[in-house]
Amino acid sequence: MSLSDELYRETILDHYHHPRNRGVIEKPSTLVEGVNPLCGDELTLYLQVEDSKIKDIKLTAKGCSINTASGSMMTDAVLGQSIAEAQKIIDSFKHMMLESREKDVSLPENMEELEALQGVKKYPVRIKCAILPWNTLTQAIKNVSANNSEKSTKVEMS
Amino acid sequence: MSLSDELYRETILDHYHHPRNRGVIEKPSTLVEGVNPLCGDELTLYLQVEDSKIKDIKLTAKGCSINTASGSMMTDAVLGQSIAEAQKIIDSFKHMMLESREKDVSLPENMEELEALQGVKKYPVRIKCAILPWNTLTQAIKNVSANNSEKSTKVEMS
Amino acid sequence: MLNTNEIRKDFPILSREVNGKKLIYLDNAATSQKPIQVIDAISDYYKRYNANVHRGIHTLSEEATTAYEETRELITDFIKADDSKEIIFTANATAAINLVAFSWGKANIKKGDEIVLSPMEHHSNLVPWQMLAKETGAKLLFLELTEDGQIDMESAKEWIGPHTKLVAITQMSNVFGTINPIAEIAKLAHARGALLLVDGAQGVPHIPTSVHELQCDFLAFSMHKMLGPTGVGVLWAKREILEAMPPFMGGGDMISSVKLTSFTANELPWKFEAGTPNIADVIASGAAITYLNKIGMQAVREHEIELSKYALSLFAETSKNGMGDDLVLYGPLDASKRGGVFSFNLGDIHPHDIGQILSDQGVAIRAGHHCCQPLMNELGVPGTARASFYIYNTKEEVDMLFTALKEAKKVLGHVSIR
Amino acid sequence: MLNTNEIRKDFPILSREVNGKKLIYLDNAATSQKPIQVIDAISDYYKRYNANVHRGIHTLSEEATTAYEETRELITDFIKADDSKEIIFTANATAAINLVAFSWGKANIKKGDEIVLSPMEHHSNLVPWQMLAKETGAKLLFLELTEDGQIDMESAKEWIGPHTKLVAITQMSNVFGTINPIAEIAKLAHARGALLLVDGAQGVPHIPTSVHELQCDFLAFSMHKMLGPTGVGVLWAKREILEAMPPFMGGGDMISSVKLTSFTANELPWKFEAGTPNIADVIASGAAITYLNKIGMQAVREHEIELSKYALSLFAETSKNGMGDDLVLYGPLDASKRGGVFSFNLGDIHPHDIGQILSDQGVAIRAGHHCCQPLMNELGVPGTARASFYIYNTKEEVDMLFTALKEAKKVLGHVSIR
Ligand SMILES: Cc1ncc(COP(=O)(O)O)c(C=O)c1O
Ligand SMILES: Cc1ncc(COP(=O)(O)O)c(C=O)c1O
């Protein structure tokens, strides 16, 4: 097929069919749920932070291909990074998706894979699908930074 | 001028400039006010009935040309008639203005002058201006028939 | 079947290409396309006799007023109402229902009263009653549904009771396509002294509709779903009910006389039409009604039954279509009990993904909750994909839908278990 | 002056004849005519990308949504607002004001509170407050007017007091043409902790408008008076005020999530846009704004000052025009203090008769109370005749108005004293 090339690139389909870091962490530093009531996307993010480093990250999710692929790529991108570095990646990604009009934005090195998600920008209604995991991660990092022991923070997109 | 021919015929203008039966009756059988709040037309109708005959009828009015002319023609038409005859004239006139689509409607004899008001039918918003005096007269006849001594019945068009 | 070849010529958009493919428009439950007669009615109005209506003395205003009021007559006849004074123009069906909630509702609903709805109601026939219930202390009750998406009439007999003041039900579901037994429900409501509001947003465009046969008290619908322009809704209600209702919005045109601190409302129907109405679109709505009258609503219904039977047969043969058991269709399987609205899911694939891949093939369907979130919860899905038909759709287009679905399955199927 | 020759070519209706005469359209305060760019934007939408907006995945829906939201951006800039989330689309200016009365009003106005208005308010900025006052027990206060139809600012200082919760004033009078000193009134209102609503139905189409300069809290206007189609009103309000306001109408699109018996409202601006919006006309409203931007609102204003000066000079020379003292003009005589709206009476002749005779000569003016009955009472007249200008009107047309008035006087003048 000639179509959906932009949106359903190899990379995205690969992450959709084989999402990375699926599952749960038994005793995470924090756990955050993210939902988008409008389209029904739901995910739970488990974050394990040690010495300000993302030691482990896991996701369980029920959502569309964009949401699933975006979450999967995100876990790949931030696993092993410092909290500060992860926050930088989040910021660049959201900038790429929400602000920048040009094709070429500067993502941190080795993050080029995330560019695959740029195709989503042509479909405004679906940008939120791509963003949800990242907003959920932002909240998780906030929880950890604030030493927030609350285990069930919730992020809602609208 | 080529225009307004239909609406502003000689007859109408004549009645507008020289309204018949203007004035008041000191001790009328009944007195009815008619108003059309939408365009500000206002009139007071005085009716003197003896032996079921319209002995005298007078109008004071503040309104547009159509309203004035229609009222003036009406007084001419019913003065001296029996109540029953007057009611027939009212009915034929309202039928001509509101129902009939054809040009030639059968008005009672000698009432052909009223046909001049048919031009108004081309202007739906102004039909009410022509009808107001007639609705007021209907109410006056009702008052008299019901031996209604109330002197200030009010008719409101909307 | 209708002569779709001829009909399609009247719809300029149908010759458009999307993503290099011919447009196959199957999102009619969201909004219908418009024939050139309707489009031209709008241009013609603006090019020849645009003016504000009512009380205007000049020629353009007379012409605009006459054309505007003519649509009211056309709609009166279209739904077999007795009196054009019973036809109120609003912004859409939603505004029509809100008008009833704000005006009739606040005047008549008290604490402890019950409003009976169904779980298949569109948010527009649900949220206004939630708001009214919250403000007045009334209770909302919900009828039950059968497995195949019909109203369980036993539950109706049970729930419509002595405290019921209003029953508000959709004529046809925008998810299941179910055509509800309105007249039967009307009898239950009236036996309890309750009124019946019918959400005709899906029904009126597709089924010959008579307010007498429905035996309803209120009927609300939207012209944009029946060949008309966006921006026009209709509320019909029985004259004596409308007469007794207080005005809703205040402003120009809805008054008879105004003093500094008080006003007298205008007579029907203008009492409920505040401010400059959507003149051009009301006039063009008349052109839409005329178009539908020319075809005949019975023929429209028959065409959709044909298409529905065909679609149902294809859904039934899913295995032949290579979809295995993945393809789940919601709603009644009997074409005589439903309109041409088909909601379905394809395995674990998110409806948005189905919608997107179909769109890339030129097939426009809707995906999501269809403004029926409570129903989606009941079905246990985040949403559905939905294809919906109208007078210009053909069996070939239904075929294309299934071809596109196969493609979607190929691209997105076989998701690893999560 | 504007290049009216060029501009007129864009307005198909202006080459129309009425009663065998060239149309001279001077009823712009009621509704403006539309340039071909706006008319074409509507046809183009229906011919190419008609679809329901928001949440639609398919291409047409994406295109329609983008175009619909683009108008919001254009309007944001047009009135110098900060944020397109502050722009709410309604059915007309009347609905925009009612939205404030129903939502903000009911949540914030209590018994004993005062709402300050002027006697020159249009019914649409009067009746909603009468209704709110009646429901809540609030009081309406009315500013005083000077002889020439301006707000007496001394009375404003007096009446806007500690109990004032809202001041609602028109930016420009649709009877007198008076442009009110909104920013001054805003300061008085804000000093008392009251909010200011501006009825911009007449102002926004004719005067360069900035919500920051006006210093208002709410601004309502109608696109049909500014080259746009019928069926689109705009409400602007400060974001924090809108955020705090409860939703008005309930239904599709205005929700974020819905359960059977409760809902969560959507974020701004959709929270206040229930049901399918008037998509085509909102998009065409964007074309109207683009047209006005191309000309420039400053140039529009200057053109109208020119025409107004010319009209004022003709009114001043009534004797030359053969009208003696019969011609009575209302409103300010200084063109810098007024827009191009001229209300007048001609002796005892009823305004409807003036309107009719002018119409027969092709001159379209309005006659009646102009939805300002209390003001007519104050003036002691049943109504007035009203001529109002816009970008395509010329001095020659103003001349024609006076020629036609002479004719009216000839036909209907010399009424015997009654
Ligand atoms: C000053 C003023 N306010 C409000 C309105 C109401 O506008 P609309 O009828 O478009 O709601 C008008 C126009 O009729 C007006 O002139
Ligand atoms: C069943 C039903 N009711 C109500 C509506 C609301 O119609 P509108 O959005 O035109 O107000 C719709 C359409 O979206 C519908 O399908």
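The shown structure was predicted, so the numbers you read here are calculated from the model rather than taken from an experiment. Chain letters run A, B, ... following the sequence lines, proteins first, then strands; residues in each count from 1.
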Q: Heavy atoms only: give me the nearest Thr261(C)-Phe142(D) pair and the separation to one decimal.
A: CG2-CE1, 3.9 Å

Q: Relative to chain C, which segment of Pro277(D) carries a heavy atom at a distance below 4.5 Å: side chain, backbone, both, or neither?
A: backbone

Q: Please flag which part of Tyr49(C) lies under 4.5 Å from any non-hydrogen atom of chain D: side chain, backbone, both or neither.
A: both

Q: Give a yes or no on whether the backbone of Ile279(C) and the side-chain of Thr230(D) come within a donor-acceptor separation of less than 3.5 Å.
A: yes

Q: Would you mind telling me which of Glu121(D), His224(D), Lys225(D), His122(D) has the largest number of heavy-atom pairs within less than 4.5 Å of chain C?
A: His224(D)

Q: Using non-hydrogen atoms only, which part of Met376(D) is less than 4.5 Å away from chain C: side chain, backbone, both, or neither?
A: neither

Q: Enumerate the residue pairs fulfilling salt bridge (Lys or Arg N to Asp or Glu O under 4.0 Å) with a member in residues 27-36 of chain D, sequence neighbours excluded, ordered by first and then second residue.
A: Asp27(D)-Arg366(D), Asp27(D)-Arg386(D)

Q: How long is the gap from CG on Asp44(D) to CD1 on Ile39(C), to the nearest 0.5 Å?
A: 10.0 Å

Q: Identify the residue among His123(D), Met131(D), Lys134(D) that makes a side-chain contact (heavy atoms from CB on, under 4.5 Å) with Phe263(C).
A: Met131(D)

Q: If you take all heavy atoms of Arg48(C) and Arg16(D), which pair is closest and at what distance?
A: O-NH1, 2.7 Å

Q: Among Ile255(D), Val38(D), Asn98(D), which has the most heavy-atom pairs under 4.5 Å with chain C?
A: Asn98(D)

Q: At a 4.5 Å cut-off on heavy atoms, which part of Leu260(C) comes close to chain D: side chain, backbone, both, or neither?
A: both

Q: Side chain from CB out, backbone as N, CA, C, O: work out which of these in His369(D) comes under 4.5 Å of a heavy atom of chain C, or both, or neither.
A: side chain

Q: Where on Phe248(C) is there a heavy atom nearer than 4.5 Å to chain D: the side chain, the backbone, both, or neither?
A: both

Q: Listed by chain and number, what are the side chain to side chain contact (heavy atoms under 4.5 Å, CB included) partners of Lys139(D), not counting sequence neighbours?
A: Glu114(D), Leu141(D)

Q: Please state whether the side chain, the backbone, both or neither of Pro246(C) comes within less than 4.5 Å of a heavy atom of chain D.
A: neither

Q: Sort Leu358(C) into side chain, backbone, both or neither according to what part of it lies under 4.5 angstrom from a heavy atom of chain D.
A: neither

Q: Mark yes or no for whether Asn50(D), through its side chain, and Ser32(C), through its backbone, hold a donor-acceptor pair below 3.5 Å.
A: yes

Q: Taking every non-hydrogen pair under 4.5 Å, which of Pro374(D), Ser222(D), Ala133(D) racks up the most with chain C?
A: Pro374(D)

Q: Please give me the minimum heavy-atom distance between Val258(D) and Asn377(C), naming the atom from each residue.
A: O-ND2, 4.4 Å

Q: Which atoms of Ile36(D) come close to chain C, meaning under 4.5 Å heavy atom to heavy atom: side chain ones, backbone ones, both, or neither?
A: side chain

Q: Please identify, among Ala364(D), Ala91(D), Gly355(D), the residue contributing the most non-hydrogen atom pairs under 4.5 Å to chain C.
A: Ala364(D)

Q: Which heavy-atom pair separates Gly250(C) from Pro128(D) by the least distance, and what is that distance?
A: O-CG, 3.5 Å

Q: For Ala367(C) and Ile57(D), work out which heavy atoms get closest and say how close.
A: CB-CG1, 4.4 Å

Q: Work out which heavy atom in Ser124(C) is nearest to a heavy atom in Gly252(D); give both atom names and the distance.
A: OG-N, 3.0 Å

Q: Asn52(C) side chain to Asn28(D) main-chain N or O, any donor-acceptor pair under 3.5 Å?
A: no

Q: Below 4.5 Å from any heavy atom of chain C, which atoms of Leu132(D) appear? Answer side chain, backbone, both or neither.
A: neither

Q: Under 4.5 Å from any heavy atom of chain C, what part of Ala95(D) do you find: side chain, backbone, both or neither?
A: both

Q: Heavy-atom pairs under 4.5 Å with chain C - which of Asp281(D), Leu23(D), Val282(D), Leu140(D) has more of them than the others?
A: Asp281(D)

Q: Any donor-acceptor pair under 3.5 Å linking the side chain of Gln373(D) with the backbone of Lys259(C)?
A: no

Q: If you count heavy-atom pairs within less than 4.5 Å of chain C, which of Ser257(D), Pro119(D), Ser61(D) leads?
A: Ser257(D)

Q: Contact between Asn19(C) and Thr59(D) at the side-chain level, heavy atoms closer than 4.5 Å - yes or no?
A: yes

Q: Using non-hydrogen atoms and a 4.5 Å limit, figure out which bit of Leu60(C) sits close to chain D: side chain, backbone, both or neither.
A: side chain

